[in-house]
Chemist: 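Below is the structure I would like to discuss, written out as structure tokens.
Everything numeric in this text was worked out from a predicted model, so none of it was measured. Order of the sequence lines fixes the chain letters, A, B, ..., with proteins taken first and strands second; residue numbering starts at 1 for each chain.
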2 protein chains.
Amino acid sequence: MLAAAAELFTAHGYTATSTRAVAERAGLRQASLYHYFDGKEAILAALLEGTVRPSLEIARELVRRTGTAAEARLWALCHSDVLLLCGGPHNPGALYLLPEAQTERFAVFQQVRAELKAAYGELLTDTEPGAALAAEELALRTDLVFGLTESVILIRRADPARDPRVLAAATADAALRVAGVPQRSVARQRREGQRLLAAWR
Amino acid sequence: MLAAAAELFTAHGYTATSTRAVAERAGLRQASLYHYFDGKEAILAALLEGTVRPSLEIARELVRRTGTAAEARLWALCHSDVLLLCGGPHNPGALYLLPEAQTERFAVFQQVRAELKAAYGELLTDTEPGAALAAEELALRTDLVFGLTESVILIRRADPARDPRVLAAATADAALRVAGVPQRSVARQRREGQRLLAAWR
């Protein structure tokens with residue numbers, strides 16, 4: 001049902017899609033849809049939360065793993081986040097810019113997204129270049145690293161055939177560069193980040 | 001009229017906004033609107049093109065200025081582009097993710113945006129780190145630098161009160177880092193890029 005909604009919302013628009021159309025696409029009767037969701041807004045909220053909540057769980061785990069360099073953990077977070085954003089057949093991140101997503105009804109999504117961004121900030125603070133930044137500069141750098149990660153939504157929109165794994169690794173490398181990690185350390189931190197993610201699965 | 005449309009499309013949604021509402025907001029009769037635009041799609045097309053065409057003109061000029069380091073020209077392009085995207089009171093870049101913007105009717109916008117991205121690619125190729133990259137790697141790096149620049153749309157959406165000048169300078173610095181410019185050269189290339197833009201005005 002969520003996949004059907006993601007497809008219709010991103011292909012035809014949120015306003016133009018009815019709950020009846022979502023139910024039909026999912027092969028259900030409209031009444032069955034209302035058994036799970038109390039309306040179109042609830043479906044949009046579930047879709048939006050699905051683009052951030054799994055990443056927040058990974059982020060919290062990575063923030064705790066202080067035995068590994070923060071650079072490698074930031075790489076791992078960015079990599080996982082890009083895979084999530086580019087994971088399904090549709091591009092639910094494209095719904096972030098809907099005017100509806102800014103309203104009070106989607107406060108939970110906004111809150112989870114803010115917590116995810118804060119976790120990026122925590123990891124960034126613990127990197128060597130991040131530790132040297134003043135608070136304001138660090139906040140700006142966090143916005144840019146987080147923005148770079150989310151920009152895969154726009155990249156994928158323009159070119160849907162991209163290989164998510166290639167994009168994820170390149171974006172995570174770029175995130176370390178934006179963080180200020182010297183060129184010569186990026187490859188080493190990437191290997192460390194990959195090792196961390198591999199041990200996890 | 002375009003400002004009225006940008007406000008209504010980004011605040012209430014494209015589908016939910018009628019040409020009558022745009023005309024009313026602009027203080028015109030609907031008939032006068034149709035004197036300038038042959039419908040809602042034409043208004044959206046004009047808004048979308050307005051977010052890329054001025055940057056393409058600057059990009060073309062910068063590609064020609066081979067007397068200045070490509071790093072500084074890339075900085076200047078990214079800086080100008082962020083100022084354009086964050087320029088008006090609304091955020092018309094938020095309309096990029098509308099399903100409608102992907103359709104054939106908006107082919108001119110897509111074409112101008114592709115040309116702008118190609119100009120980023122040309123400048124990137126002429127930088128010292130860019131010249132060392134294989135074609136595929138360079139294309140990926142171009143997507144990331146371009147994506148980083150456009151990510152200010154998402155950053156601004158989450159936090160509309162941001163100072164565009166601070167964001168523009170920080171994003172242009174970050175673009176050089178993603179390009180692979182060493183940390184020690186970023187400040188010098190930024191000064192050179194600022195000089196280039198100042199001489200222009």
Chemist: How about the chain A/chain B donor-acceptor pairs under 3.5 Å, what are they, with distances?
Modeler:
unit_1   : atom_1 : unit_2   : atom_2 : d
A:Leu97  : O      : B:Arg157 : NH2    : 3.3
A:Asp143 : OD2    : B:Arg162 : NE     : 3.3
A:Asp143 : OD2    : B:Arg162 : NH2    : 2.1
A:Arg157 : NH2    : B:Leu97  : O      : 3.3
A:Arg162 : NE     : B:Asp143 : OD2    : 3.3
A:Arg162 : NH2    : B:Asp143 : OD2    : 2.1

Chemist: Measure B:Ala94 against the heavy atoms of chain A and call it side chain, backbone, both or neither at under 4.5 Å.
Modeler: both
Chemist: With a 4.5 angstrom heavy-atom cut-off, which part of A:Phe146 approaches chain B: side chain, backbone, both or neither?
Modeler: neither
Chemist: Does any backbone or side-chain atom of A:Ala174 lie under 4.5 Å from a heavy atom of chain B? Answer side chain, backbone, both or neither.
Modeler: both
Chemist: Can you name the nearest heavy-atom pair linking B:Cys86 to B:Pro164, along with the distance?
Modeler: O-CG, 3.8 Å
Chemist: Mind checking the CG-CG spacing from A:Leu56 to A:Leu84? Nearest 0.5 Å is all I need.
Modeler: 11.5 Å
Chemist: Below 4.5 Å, heavy atoms only, C-beta onward: do A:Leu140 and B:Leu167 meet side chain to side chain?
Modeler: yes
Chemist: Would you check if B:Leu98 and B:Leu44 make a side-chain contact, meaning some heavy-atom pair closer than 4.5 Å?
Modeler: yes
Chemist: Can you give me the closest heavy-atom contact between A:Leu123 and A:Leu62, atom names plus distance?
Modeler: CD2-O, 4.1 Å
Chemist: Minimum heavy-atom separation for A:Ile43 to A:Ala5, with atom names?
Modeler: CG2-CB, 3.4 Å
Chemist: With a 4.5 angstrom heavy-atom cut-off, is it the side chain or the backbone of A:Ile155 that approaches chain B, or both, or neither?
Modeler: side chain
Chemist: Of all the heavy-atom pairs spanning B:Leu116 and B:Ala59, show the shortest one and how long it is.
Modeler: CD1-CB, 4.0 Å
Chemist: What are the two closest heavy atoms between B:Ala23 and B:Leu33, and how far apart are they?
Modeler: N-CD1, 3.8 Å
Chemist: What option among B:Leu148, B:Leu97, B:Leu95 has the most heavy-atom pairs under 4.5 Å with chain A?
Modeler: B:Leu97
Chemist: Give me the atom names and distance for the closest heavy-atom approach of A:Phe37 to A:Ala46.
Modeler: CE2-CB, 3.8 Å
Chemist: With chain A, which of B:Ala175, B:Gly147, B:Ala179 has the greatest number of heavy-atom pairs at distances under 4.5 Å?
Modeler: B:Gly147
